Amino acid sequence: QVHVVQSGGGLVQAGASLRLSCAASGGTFSSYAMGWFRQAPGKEREFVAAISRSGGDTAYADSVKGRFTISRDNAKNTVYLQLDSLKPEDTAVYYCAARNTGNYRLYMTGAEYDYWGQGTQVTVSS
């Protein structure tokens, strides 16, 4: 059984930065492609960022490109999402997801992921 545990998040002002962390245990972390999604109140869950199992490839939603950075440390079984230049519209619950894969591609839809974190609230005030 794979467990995905998130940390980070909180309440910040517009323009500030946050870092979210996501640790996965119970499997071989380097076999997992990882992704971040978010869901704002009254809206559907949306893709934020993805990283391949090696960390060599990344992808971002247009709305966060240039402001958010996804990275991973396979030695620490952890993936990170650095959120810079935060805007009020970034307010949402952020979810980390893991997919066991034999390839090095990226996955950008929630249905493609096997395991999910508990979610962490990010609130950006104006």
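Please read these numbers as outputs of a predicted model, since none were measured by experiment. In this chain, residues are counted from 1 in sequence order.
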Path from V122 to W116 over hydrophobic side-chain contacts below 4.5 Å | no
Between the CG atom in N77 and the NE2 atom in H3, the distance rounded to the nearest 0.5 Å is 13.5 Å
Short question: side chain of Q39, backbone of V93 - any donor-acceptor pair under 3.5 Å?
-> no
If you round to the nearest 0.5 Å, how far is OG1 of T91 from CZ of R38?
-> 9.0 Å
Among pairs that include at least one residue of residues 36-93, which meet disulfide (SG to SG under 2.5 Å), considering only residues two or more places apart or in two chains?
-> none
Working for side chain to side chain contact (heavy atoms under 4.5 Å, CB included), residues V48 and L81 = CA-CA 10 Å; V48 175; L81 185 67; 4.1 Å; yes
Cluster overlap I70 with Y94, hydrophobic side-chain contacts below 4.5 Å | yes
Can you check whether V64's main-chain N or O pairs, donor with acceptor, with D90's side chain at less than 3.5 Å?
-> no
For Y80, the other hydrophobic cluster members (4.5 Å side-chain criterion, sorted by chain and number) are none
Of all heavy-atom pairs linking K87 and V124, the shortest is O-CB, 3.3 Å
About how many Å separate NZ of K43 and CD of E89, when rounded to the nearest 0.5 Å?
-> 8.5 Å
Verify same cluster id: V2, Y95 (apolar side-chain graph, 4.5 Å) | no
Output yes when a side-chain donor or acceptor of S52 lies under 3.5 Å from a complementary backbone atom of L106, and no otherwise.
-> no
Could R53 and Y104 be counted as a cation-pi pair, given that NZ or CZ must be under 6.0 Å from the ring centre and within 45° of the axis?
-> yes
Group every Ile, Leu, Val, Met, Phe, Trp and Tyr by side-chain heavy-atom contacts under 4.5 Å, then state whether F68 and Y107 land in the same group.
-> no
Any donor and acceptor pair, going by atom type alone, linking the side chain of S63 with main-chain N or O of A61 inside 3.5 Å?
-> no
Show every donor-acceptor pair shorter than 3.5 Å between a side-chain atom in residues 13-37 and any protein atom, with sequence neighbours excluded, or say none if there are none.
| residue | atom | partner | partner atom | Å |
| --- | --- | --- | --- | --- |
| S17 | OG | D84 | OD1 | 2.7 |

Say whether Y60 and T69, considering side chains only, have a donor N or O and an acceptor N or O under 3.5 Å apart.
-> no
Are side-chain heavy atoms of T109 and F47 found at a separation under 4.5 Å?
-> no
Salt-bridge test for R105 and D57: reply yes if a basic N is under 4.0 Å from a carboxylate O, no otherwise.
-> no
Would you say S7 and Q118 make side-chain contact, with heavy atoms under 4.5 Å?
-> no
If we ignore angles and hydrogens, is there a donor and acceptor under 3.5 Å between the side chains of Y113 and R99?
-> no
Closest non-hydrogen atom pair, K76 against T78 | O-OG1, 2.8 Å
Sub-3.5 Å donor-acceptor pair from the side chain of Q121 to the main-chain atoms of G9, do we have one?
-> no
Do NZ/NE/NH1/NH2 and the carboxylate oxygens of D62 and K65 come within less than 4.0 Å?
-> yes
